[in-house]
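Before any comments, here is the structure.
Letters go in sequence order (proteins before strands), and every chain restarts at 1.
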There are 2 protein chains.
Amino acid sequence: MARAGLAAERVVRAGAELADEIGFEQVTPSELARKLGIKTASLYSHVKNAHDLKTRIALLALEELADQASAAIAGRAGRDALRAFADTYRDYAFQHPGRFAAARFRLDADTAAASAGMRHSRMMRAILRGYELPELQETHAVRLLGSVFNGYVELEMAGGFSHSAPSSDQSWTEILDALDSLLRNWPAPS
Amino acid sequence: MARAGLAAERVVRAGAELADEIGFEQVTPSELARKLGIKTASLYSHVKNAHDLKTRIALLALEELADQASAAIAGRAGRDALRAFADTYRDYAFQHPGRFAAARFRLDADTAAASAGMRHSRMMRAILRGYELPELQETHAVRLLGSVFNGYVELEMAGGFSHSAPSSDQSWTEILDALDSLLRNWPAPS
DNA sequence: TAAGTTGCCTAAAAGCATTAGGCAAACGTA
DNA sequence: TACGTTTGCCTAATGCTTTTAGGCAACTTA
């Protein structure tokens, strides 16, 4: 018997590709069915509904991103690790804009808890270990880094930095240096 | 004659309220018509289509936010101004989640150029003047601040920081202090 | 080969966005 | 005060979309 779940995964993977082609927002059952050459109703044997489809694409993207980031920081520490991790995010966003948008899809609490999202924060903590911050500050720093990475890439992809000097690449490098410097000189708690 | 545009503005304002009630994504012509007690088709005399409706709500939110931020930083400088500006963003997001989401709606280049988005970056530059960064670094810093504010509030609203210590309020304060410290000790360009 | 599963199908209900054409009331003007 | 114009709504209709239900042929496994 062709195992259940296998086909569903192929469908989700096609959904991820579609997201990169037309944008995550535009991924709908009907559009995906069109891409797969089947009737829209047939999708519903693989996926519960439109929201479920998007959730599964999000989970796929989150995992892919975690895999790449994990590979990128292996064997690195401090500034190098920070840079490698951050670049992984940014590169992934440009290579797979639809998947990256999917990774930012708002999951309900349970799904999020079971997602690769946790791997992401664990990796950030691993990087921060090289900076020897007190534990409380480390959490603040994780939150700061997450905010910057997500925020920067989102603004950049929205075209916020495109028609003005200096180049976005330059700002990115400069900002990562600044963050590295900040992490080595984190101010005492107020 | 009842001036054209007046009614359209009332419609958009109702759309903004609706966004806060049910979420910006869920604001559609049919839903808004329901709220206004008119037929869906009637909306199309005030608004070109669904995308136009969302764009107008976005512009409204952007302006509102700029007004509040401008009032908040008046008479302040340095750390105080930074804090006031940042808090305005965060408070606005919590008081008007739908409008805030609208403010992040991706506008096409022309519309964005004519929007209050420019006021936002001008205000950030005004704040940064208090830190006396070289001009190039100032642009990098503007981009960093924009990334952090947007990124942090988005993650926070997505529930990213809710079920773990320390509290999000604490991280926010700590992160703003860290940014203030960073701006006063921005590393030399690499 | 028999039984069960899978992956697709058609059919149909309900809802949405959008266009077209119409009508009554409000308005500024002569 | 009567007139033409504008406004703000309406109904009707088209062609999408999501989702549920029921069916059928092919393939898998025992």
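The interatomic distance linking B:Leu43 (CG) with D:dT7 (P) rounds to 17 Å, in whole Å. The interatomic distance linking B:Lys54 (NZ) with C:dA17 (P) rounds to 10 Å, in whole Å. Summarising the geometry, the separation between CD on A:Glu9 and P on C:dT6 is reported as 16 Å, rounded to the nearest angstrom.
By the 4.0 Å N-to-carboxylate-O rule, A:Arg56 lies too far from A:Glu9 to be salt-bridged with it.
Within the 4.0 angstrom heavy-atom criterion, only backbone atoms of the sugar-phosphate kind lie near B:Ser30; the bases stay farther away. B:Thr28 comes within 4.0 angstrom of sugar-phosphate atoms only, judged by non-hydrogen atoms across all strands, and of no base.
Applying the ring pair (Phe, Tyr, Trp, His ring centres under 6.0 Å) test to pairs two or more places apart or on separate chains, those with a residue in residues 30-70 of chain A are A:His51-A:Phe105.
In this structure, the nucleotide among D:dC10, D:dT19, D:dT11 sitting nearest to the side chain of B:Ile38 is D:dC10. With C:dC16, D:dG8, C:dC9 as the choices, the nucleotide that has an atom nearest any side-chain atom of B:Ala7 turns out to be D:dG8. When distances are taken from the side chain of A:His46 to each of C:dC8, D:dC10, D:dT17, the shortest belongs to C:dC8. Listed candidates were C:dA17, C:dT10, D:dC10. Nearest to the side chain of A:Lys39 is C:dT10. The side chain of A:Tyr44 sits closest to D:dT19 out of C:dT18, D:dT19, D:dC9. Considering only side-chain atoms of A:Ala41, the nucleotide from D:dA12, D:dT18, D:dA21 that sits closest is D:dA21. Distances were taken from every side-chain heavy atom of A:Asn49 (C-beta onward) to each of D:dT19, C:dC16, D:dT17; the shortest belongs to D:dT19.
Put simply, A:Ser42 has no side-chain N or O that comes within less than 4.0 Å of OP1 or OP2 on C:dG7.
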Between A:Leu155 and B:Arg143, does the side-chain contact (heavy atoms from CB on, under 4.5 Å) criterion hold? Intermediate values first, please. CA-CA 9 Å; A:Leu155 289 181; B:Arg143 292 173 176 179; over 6 Å; no
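Taking the six-membered ring for Trp and thresholds of 30 and 60 degrees, A:Phe149 and A:Phe85 have ring planes inclined between 30 and 60 degrees apart. The aromatic rings of A:Trp172 and A:Tyr152 are tilted relative to each other, their planes meeting at an angle between 30° and 60°.
If A:Lys48 and A:Arg34 are placed on DNA chain D by their nearest nucleotide, the residue sitting closer to the 5' end is A:Arg34.
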